[in-house]
Amino acid sequence: MGDAPLNVGMEPREQFLMPDLQAGALGWLLSHRLLGALTHGNLRRARAFFTLSASMKNGKKRWLP
Amino acid sequence: MPGKEEIERDPQWLPHRVDMQTRCMKFLYIERVALAPQFLADLNPAQSLDEAWLPLSDVAAMQPKAGPINFIFHTAFCRSTLLVRALEIEGVCAGLSEPGIFASLVNVGEPAHGLVKPVLDLLSRPFSTDEAVFVKPKNHANMLIPALLDARRDAKVILMTSELETFLGSIISGGLLGGGGAETSILS
């Protein structure tokens, strides 16, 4: 089963040469941009926005704006 | 070989992949009890009890008994799999983790847009009366979110993410496609 491509507007060769961390960070930023747009728009259907991160390990939970 | 009517009626027939060359959609038969422990995108015919192909025109014409559908959208490595598995409560709601059909719809692109609503209606078929469905698409399909929300305006959404540092740490430990990252480790 194939995965959906990451489209960051780069040349295919440049994108192919990106290391995993760089590609991952770009994908993360794109997703945050999209999810942020959803939460700041008029999407009343988005009930919650969690961050479960390193701070969660200490029993803390932080809500994003 | 099941007929179109049987696939339309039984929610255990999950849409799995689109083939634009043959203009058909692949369905896999997955029993309800087998939903929770696995990423549906990784299923292959050997792991499903049966498989079937239907013409896209038949899929688009389907009018299944759709039920409530809710989404978990996420940025990966943020415990979204843990949540969808926690929401897999028989008789209350079904948690579908990363159905393969979403990546397929993204890969096909514009020609598949007319299939989004029929696919969501098929995925939302309740497994029992009044049962809701939670669907967690793979984060690779996040670009499909606007189309998904437009197709099912009744859907509720949970958005999940993690800090970039934690995310990158998960890639280092588990690879970009997961397998040994944060989600796997907390579930194992």
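Sequence lines set the chain letters: A, B, ... in the order given, protein chains first and strands last, and positions in each chain run from 1.
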Notebook entry, point to check: What part of I145(B) is in contact with chain A, defined as an atom under 4.5 angstrom from a non-hydrogen atom: side chain, backbone, both or neither?
Noted result: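 I145(B) touches chain A through side-chain heavy atoms alone.
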Checklist line | Residue D154(B) versus chain A: region with a heavy atom under 4.5 Å | finding: backbone
Check: Are R125(B) and D10(B) close enough for a salt bridge, meaning some N to O gap below 4.0 Å?
Finding: no
Enumerate donor-acceptor pairs with a distance under 3.5 Å from any side-chain N or O in residues 61-69 of chain B to protein atoms, sequence neighbours excluded.
none

Next item on the list: Go through L164(B), N142(B), L168(B) and name the one with the most non-hydrogen pairs under 4.5 angstrom from chain A.
Entry: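 Of the options given, most contacts go to L164(B).
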Next item on the list: Say whether, by atom type as modelled, one donor and one acceptor occur between the side chain of S170(B) and the main chain of T166(B) under 3.5 angstrom.
Entry: yes
Notebook entry, point to check: Looking only at atom types and distance, does a side-chain atom of D20(A) sit under 3.5 Å from a main-chain N or O of I172(B), one as donor and one as acceptor?
Noted result: no
